[in-house]
Each structure stands twice: as C-alpha cells, then as structure tokens.
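Below is one structure, written out as structure tokens, with a few remarks after it.
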Amino acid sequence: MNAPRPVIVGVLADEGLPEQVITTIADDLPGIFGARVSGEMRWRVEHEVTQLPLDEDGDIPMRTLSQRHRQDRGWDLLVLLTDLPRRAGTKPVVAGVDVEHRVAMISLPALGAVLVRHRARTLLVRVVRQLVSRRLEVDGDHSERGSVARWREALAPTERMSGGHQSATTHLALVGLRGRLRLLAGMVRDNRPWRLVPHLAGATAAAAGTAAYGIITSSFWKLADALSPMRLAAITVVTVLVMTVWLTVYNHLWDRPSEVAGRRKALLYNVSTATTLAIGVACMYAILFVLALLAAAVLIDSGYFAQALGHPVGVGSYLNLVWLCSSVGIVAGALGSSLEDEETVLNATYSRRERERQERNRRRREYRTSRDVDCATQTARRDK
C-alpha cells in the first residue's frame, strides 16, 4: 500500500530576520505539524529566501504570490514570512490568513523583540491548522491551554478581524496598549539600532575627539569634580536627547503626512524612529565612555590629578571626568553627524522594509509637490 502524499508547506521568507527565523526552525516544523496540527497527515516543509514584492498600496500581494508559487513548486500551502509591519486600521496585524487561496502571511515585527523564533513557530502551527481545516479557527491553539497560555495571551491579547466584505483574508490583530508596545519593540529590533555607531563615522570621530580633548584639559577636571552625580546624569539624558532630535530633524526622518489617516499610522513609525535613534546614541555613549575611561586611566597620573583638584582622587574622580567628557563628546557627535550623507543615516537607522516605506513616501511627496506646482502654473497662466 502506497504511503499518502505528504502535505507540502512552502515558506517564502524575506531576507534578514525572517531568513534567520525560518532557517533555524524549518527542520523541526514537520514533526511539530504532525504533533499539533494533524498526526494523520505526512508533512514536508520547503523554504526559500527572497525579497517579497510590494504592490502599489505598499502591501505584499498574498494571492498573487500564492497562485504563482504554489502552482510552480507544487506546494499545497504557502506561508509568507516578512519583516514588514502590517496594520488593519489602527491595529497591528500579527498574521493574515486567506483560506480560499491557501496562503497566510506572518509579520515578525508584531511578535515583539524577544522569543521571536518561539512565537513564530507557534504562529506557524496556528495558521497552518487554519489553512488545512479550511474554516476559521475558533478555539485558537488547543495545544497551549492552561495557565501558561492564558498568561501569554494576557501579555499580548489578540483578536480576529475580517479583511472586509471584498476580502477573504482573516487577520489576527494585536489589541490594546500591550499589543502596540509589542509591535513597537519588534520594529525597533528590526531596525537594529546598534548599527548606528559603525555607520556614523563622522559623528563617532567628532565625539571621540571632543571627549579626548576634555580628558587632557584641566578645566574639565575641575568642572567634573564640582558636578554632582545627579547633575551629571541629567546632562547625559539631555545630550542623548539632543543628538537623537538632531539626527531626526537634520536627516528628515520624522514623517508628517497631510492626511488624518496617514498621521495616525505615522505616529507609530515616528516613535519607532525616535526609539531606534535613542538606543543607537546610547550605544555610542556607552562605547565612548569605556574608551574614554581607558584613556583617562592611561594618560592622567593620579598624583598630578590630585594636585590639580586640590584633594585626593579615587575611582570616582576618574568616573566623573569621563562621564562629563562623554556627554560633551556626544553633543559634538551630533554636529559631526552633519557631515554624513542622508542616505548613510537612513541605512544605519532603518531596516530594508522601512527604507522602502521612506522611499515610497518621498516619491509621493515629490509627486504632490510637482502636481501642486503644475496646478499653480496653470492657474497663473489662466489669470494672465
């Protein structure tokens, strides 16, 4: 007797984090599907890494990709894994399922910043079960009942939403403040704010040079010695905010759409941008602090340091000096970032998907500007 044909689940993953996630969990998925979806079926999972295209509305065409790839590759089901943030109205979307066309899409940013692989695995089980059953899943993931499941649901509650009367897609959306915070955390993680330091060479050089100057300048020694830790901490917060605001404003990273609906969507992206930059600047500050502390320990003799201050010095005196010099250096770094190309800052700040959205918004602004100019020109000609 011939064994039944396996159900082939194809996974198309974007480059970057989606690629890392599916590569890690792909080998385990057939067994997981057999245990948690249907033990009566044989399962096979095939995955490919590609750049999922965007349509004119900036969304991924699920049906088109399903028709193309399922037919060409003989896949029974298709799951798209993307790092594109998706929303239904104002609610963040974790997944969309189109049972009719046997395709689902999972948006990784909505899974948050931690436990992404575990959450992606659980969500894959959920959408595949719904695609196989060809009906809406009412009870959710039955394998995760109990207090643990209720606790996870309380941390990030979800609800089902219809895609509208013209759409067969069912959305799984995050609700409430916790859901939006989880999406925000996922978007910031996808932007990888720690990349800011190596990309902003001019800002880093300016910050390091200014901090080095402060370390060898006696007036900085006396000023740092006179400042309390509370004031030094306040200076640190202010300098990080100053550089964050400067990078945002100078490089035109703040979205200001004219439409009301656009402003609502832009708020989340703007908060994500500000958070990404703030974390990146904080990473720069931490690196600068460590390097400045090493430089101070090597260059400044403790006896000469004590003679200049007029009292014995200890580790605290060195820390206060480095603290102040690092803060001043970050302000200089903000000015040094002006030497960076705007495209360099965009690449350092945003993920590939967010850069695509920024470029699309820029083209729209240019189109509206040229259209307004044309209208004004035609009006002037008629008036003449």
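It should be emphasised that the depicted structure is a prediction, and the values quoted were computed from it without experimental measurement. Note that these values count all heavy atoms, side chains included, but never hydrogens, waters or copies made by symmetry.
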- Message: Evaluate Phe289 against Leu294 for side chain to side chain contact (heavy atoms under 4.5 Å, CB included), listing each step before the verdict.
- Response: CA-CA 9 Å; Phe289 188 94; Leu294 293 175; over 6 Å; no
- Message: Hydrophobic clustering (ILVMFWY, side-chain heavy atoms < 4.5 Å, transitive) - are Ile106 and Val49 grouped together?
- Response: no
- Query: Cluster question for you: counting only ILVMFWY and a side-chain heavy-atom cut-off of under 4.5 Å, with indirect links fine, are Leu227 and Val242 together?
  - Reply: no
Could you tell me if [Y] and [X] have a donor-acceptor pair between their side chains, going purely by distance under 3.5 Å?
X	Y	result
His199	Arg195	no
Tyr285	Thr239	no
Thr236	Trp323	yes

- Go through Asp98 and His101 one step at a time and tell me if the side-chain hydrogen bond (donor to acceptor under 3.5 Å, both in side chains) criterion holds. CA-CA 6 Å; Asp98 188 335; His101 293 82; 3.3 Å; yes
- Please work out which of the three classes, parallel, tilted or perpendicular, describes the rings of Trp221 and Phe305, given edges at 30° and 60°. perpendicular
- Query: Looking at side-chain heavy atoms only, is the closest gap between Glu15 and Leu52 below 4.5 Å?
  - Reply: no
- Task: Please examine the side chains of Asp225 and His311, heavy atoms only from C-beta on, and report whether any two atoms are closer than 4.5 Å.
- Result: yes
- Item | Donor-acceptor contact present, side-chain Asp301 to main-chain Gly303, <3.5 Å | yes
- Task: Without swapping roles, check the side chain of Arg44 against the backbone of Pro6 for a donor-acceptor pair under 3.5 Å.
- Result: no
- Task: For salt bridge (Lys or Arg N to Asp or Glu O under 4.0 Å), just list the numbers for Arg86 and Asp59, CA-CA rounded to whole Å, side-chain angles, deciding distance to a tenth of an Å, and then say yes or no.
- Result: CA-CA 8 Å; Arg86 304 181 66 238; Asp59 205 355; 3.4 Å; yes
